[in-house]
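Shown next, in structure tokens, is the structure this report addresses.
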Amino acid sequence: MACVSEPGQPASTGALALTINAIELDGNDDPTALDVTIRFSGFEEEGFGSLSGSVRLWFKDDGSGGERLRVSYSAAALTEQGDSLAYDFDITGGSGANGGGAFDMNGTFVIGGAGYAMSSTTFEFSAGSSQPSRGSVTLRDFLGNTVTLRARGDTFDLEFRPFGAPLPLIIPGLLWSAQRLGPG
């Protein structure tokens, strides 16, 4: 069966399942914690592509004005106009009552048949800042080449190390704002 949101729009087919794993409410019935899983099976939108796998969202208000969050992609595959993407990774993080925060990214993904592993140290944000003040993320391709981004406040360093190279090529001091990765 195909569904459309408005007449004339492309049809969507497949199955979408939403499971509420847990929910906590405060005295005003406002959510303070939520754990949901969204599963896609054979989900397609006519003329655009397909989606399968699952995404799990977990949120918890820590009670002191801060929040913790986790987004997990499990065997999530997206095909759009012939290009394929596959995700199997987690993003975890949180914010404090002062407005600062931190997050990690770990797992694998595939873009157009090329696979990558991603691992990070914790990225930390200061209150009022939109770019990380410290932390790093490394991408490794299936050949063993790595690219590492190291946050250093208003700047970041980029390191490229081809597989087997004794030393990386380092580009230091790139401005977040010049790369359109932060405020201008």
Side-chain angles (χ1 to χ4, degrees), residues 18-26 30-40 51-78 80 85-112 114-142 144-161 168 170-184:
L18 173 68
T19 303
I20 299 174
N21 304 310
I23 188 168
E24 292 178 18
L25 304 174
D26 65 13
D30 292 324
T32 59
L34 180 65
D35 181 357
V36 298
T37 302
I38 304 167
R39 288 182 183 81
F40 301 92
L51 180 62
S52 63
S54 67
V55 178
R56 186 169 184 177
L57 306 169
W58 179 86
F59 163 84
K60 173 96 172 130
D61 181 336
D62 70 11
S64 66
E67 301 169 343
R68 293 182 296 153
L69 174 71
R70 180 175 184 170
V71 179
S72 297
Y73 296 91
S74 181
L78 171 69
E80 184 177 8
L85 303 167
Y87 304 109
D88 215 340
F89 67 88
D90 293 326
I91 300 171
T92 57
S95 65
N98 66 358
F103 72 93
D104 291 303
M105 302 178 295
N106 295 286
T108 61
F109 60 96
V110 176
I111 300 174
Y116 302 90
M118 176 175 45
S119 61
S120 75
T121 62
T122 301
F123 279 102
E124 296 179 13
F125 290 80
S126 301
S129 178
S130 64
Q131 66 259 352
S133 56
R134 67 179 147 172
S136 67
V137 63
T138 298
L139 293 176
R140 180 179 311 276
D141 69 13
F142 65 96
N145 302 305
T146 62
V147 174
T148 301
L149 181 147
R150 295 187 194 287
R152 307 210 185 277
D154 292 337
T155 66
F156 64 94
D157 298 344
L158 202 55
E159 296 179 11
F160 173 65
R161 183 185 297 245
I170 301 173
I171 304 171
L174 297 167
L175 289 169
W176 290 104
S177 58
Q179 308 307 315
R180 298 185 182 177
L181 299 171

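No donor-acceptor pair closer than 3.5 Å links the side chain of Trp58 to the backbone N or O of Leu69.
Side chains of Arg70 and Ser72: a donor on one and an acceptor on the other come within 3.5 Å. Judged purely by distance below 3.5 Å, without hydrogens or angles, the side chains of Ser119 and Thr138 never pair a donor atom with an acceptor atom.
The side-chain heavy atoms of Asn145 and Phe160, taken from C-beta on, include a pair separated by under 4.5 Å. Taking the side chain as every heavy atom from C-beta outward, Asp90 and Asn106 never approach each other to under 4.5 Å.
A distance of 11.5 Å separates CG of Leu85 from OH of Tyr73, quoted to the nearest 0.5 Å. Leu174 CG to Arg150 CZ: the interatomic distance, rounded to the nearest 0.5 Å, is 13.5 Å. In this structure, the separation between CD on Glu124 and OG on Ser133 is 6.0 Å, given to the nearest 0.5 Å. In this structure, CZ on Arg152 lies 11.0 Å from CH2 on Trp176, to the nearest 0.5 angstrom. Note that CD1 of Ile38 is 12.0 Å distant from CZ of Arg56, once rounded to the nearest 0.5 Å. In this structure, Met105 CE and Leu139 CG are separated by 7.5 Å, a value rounded to the nearest 0.5 Å.
Tested against Val36 for a side-chain contact (heavy atoms from CB on, under 4.5 Å), the candidates Thr19, Leu57, Ile23, Val55 yield a single pass: Leu57. Applying side-chain hydrogen bond (donor to acceptor under 3.5 Å, both in side chains) to Ser136 and the options Thr121, Asp157, Thr148, Thr122 leaves one that passes, Thr121.
Classified by interplanar angle (parallel below 30°, tilted 30° to 60°, perpendicular above 60°), the ring pair Tyr116/Phe109 is parallel. Aromatic ring orientation, Phe103 versus Phe123: parallel (interplanar angle below 30°, classes split at 30° and 60°).
When all heavy atoms of Pro132 and Ala151 are compared, the pair lying nearest together is O-CB, 3.6 Å. In this structure, Ser54 and Thr37 approach most closely via the heavy-atom pair CB-CG2, 4.2 Å. In this structure, Phe156 and Leu175 approach most closely via the heavy-atom pair CE2-O, 4.0 Å.
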